[in-house]
Asks: 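Structure provided below as structure tokens; questions to follow.
Atom set for the values below is all heavy atoms of this structure, side chains included, hydrogens, waters and symmetry mates excluded.
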Amino acid sequence: MPELPEVETVARDLRELVGSRIAGVLVYWERTIASPGSATFIERLKGRQIEQVGRRGKWILIHLSPSGYLLVHLRMSGRLLIDPPGTQPDKYTRVLLTLDDGRQLHFSDVRKFGRMVLTDDPDEVLGDLGPEPLDPDFTADVFQDMLASRRARLKPLLLNQRFLVGLGNIYADEALWHAGIHPLRRSDTLTPEEVIRLHRAIQEVLEEAIAAEGTTLRDAQYVGADGREGQFARRLAAYAKTGEECPRCKTAIERIVVGQRGTHFCPHCQQELGH
DNA sequence: AAAGCACCCTGTACGC
DNA sequence: TGCGTACAGGGTGCTT
């Protein structure tokens, strides 16, 4: 599942394309293009040059010259791959951009949930997003106020991109495990120490996962734009570890459903009423 | 504001 | 081997 570390890895890989011009655009699955219509998308994209590549939450931002942004969300199974000249599309190819040097920027997406947007105003798409967890402005004090102003269960709140961007099911479970906090705790009941622990856990998990180039699991074969798998899966403590030993205390990891999402935690290290 | 659910999709796992 | 079905998940939109 591409979350912040995976999207960051892809964005970094894509910087290799800065300076290339988009020569051709092929759309194999129309609904991948969220806006504008695919005919307009194709027409406007052709001839533009890739000037800069960034990330906001789980969105990849490809800044074009002379103007415009190509925004890409990988959702569940999307991949952005840099393919050498002459690579043929496969059954999962949804959009294929050919660059002026012959290389291809290949959007592949088994489940067809991924989306592309071409716009002059990225805030139309990104305007409602919450703060970046690795931004220096995202301090424990800021987080404390954010949590205190809500009274939701932590797990769904951490997944809410309007609250805080970048966490998905994997890193939300991992961060709560690292912090030793139960996923059903209400956000406004955390002690100051717990807020600090959760804040630190979120940042450390994300930073370490970025350093490992993300998490590649069997059922959601995330890879970077260069096709490399992420190496963080081996360091997961809770996510998808149902029945396995907690690395800290050896208690069996449990799985519950919270907000329609599978949620993994250690019933010993993460007690519902705190300690 | 919070929470539940249907929906969008398809590969995989599982029961028979 | 094969069929049918449940499940996984990010995000949106609707309802309670």
Asks: According to a strict under-4.0 Å criterion, is R261(A) in side-chain N/O contact with OP1 or OP2 of dG10(C)?
Replies: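 Yes, within the criterion.
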Asks: Where do F113(A) and H73(A) land on the ring-ring contact (aromatic ring centres under 6.0 Å, His included) test, with the steps shown first?
Replies: CA-CA 9 Å; F113(A) 286 170; H73(A) 199 300; over 10 Å; no
Asks: Checking R248(A) now: which residues fulfil side-chain hydrogen bond (donor to acceptor under 3.5 Å, both in side chains) with it, not counting sequence neighbours?
Replies: none
Asks: Rounding to a whole Å, what distance do you find between N169(A):CG and dG11(C):C1'?
Replies: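 Checked: the CG to C1' distance equals 13 Å.
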Asks: What is the distance, rounded to the nearest whole Å, between atom CE of M76(A) and atom P of dT10(B)?
Replies: 14 Å
Asks: With respect to the side chain of R162(A), which nucleotide from dG10(C), dT10(B), dT12(C) is positioned closest?
Replies: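 Shortest atom-to-atom distance from the side chain points to dT12(C).
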Asks: By a 5.5 angstrom centroid cut-off and a 30 degree plane limit, is there stacking between F113(A) and dG10(C)?
Replies: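 Here the ring of F113(A) and the base of dG10(C) are stacked, with centres under 5.5 Å and planes under 30°.
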Asks: Test your reading of the model: is there a side-chain donor-acceptor pair from S65(A) to the backbone of S67(A), 3.5 Å cut-off?
Replies: no
Asks: Going by an N to O cut-off under 4.0 Å, is there a salt bridge joining R186(A) and D188(A)?
Replies: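 A salt bridge is absent here (no side-chain N lies under 4.0 Å from a carboxylate O).
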Asks: Which protein N or O atoms sit under 3.5 Å from an N or O of nucleotides 4-6 of chain C?
Replies:
none

Asks: Could you tell me the separation between the CG atom of L45(A) and the CD1 atom of I22(A), rounded to the nearest 0.5 Å?
Replies: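 CD1 of I22(A) is found 4.0 Å from CG of L45(A).
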Asks: Please determine if a side-chain N or O atom of R255(A) lies less than 4.0 Å away from the OP1 or OP2 oxygen of dA8(C).
Replies: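 It does, given that an N or O in the side chain of R255(A) lies less than 4.0 Å from OP1 or OP2 of dA8(C).
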Asks: Is the number of heavy atoms from other residues, nucleotides or ligands under 6.0 Å of R228(A) CZ greater than 12?
Replies: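 Incorrect, the count does not exceed 12.
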Asks: Take atom NE2 of H63(A) as the centre, draw a 6.0 Å sphere, and report whether it contains more than 12 heavy atoms from other residues, nucleotides or ligands.
Replies: yes
Asks: Counting any heavy atom closer than 4.0 Å, what does R94(A) reach on the DNA or RNA strands: base, sugar-phosphate only, or nothing?
Replies: nothing
Asks: Between atom CD in E30(A) and atom P in dC8(B), what is the gap in whole Å?
Replies: 18 Å
Asks: Which pairs, protein N/O on one side and nucleotides 13-16 of chain C N/O on the other, fall under 3.5 Å?
Replies:
none

Asks: Hey, does the side chain of Q161(A) come within less than 4.0 Å of dG11(C)'s phosphate (OP1/OP2), counting only N and O?
Replies: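 Yes, because at least one side-chain N or O of Q161(A) sits under 4.0 Å from OP1 or OP2 of dG11(C).
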Asks: Can we say E213(A) and R12(A) salt-bridge, meaning some charged N sits less than 4.0 Å from an Asp/Glu carboxylate O?
Replies: no
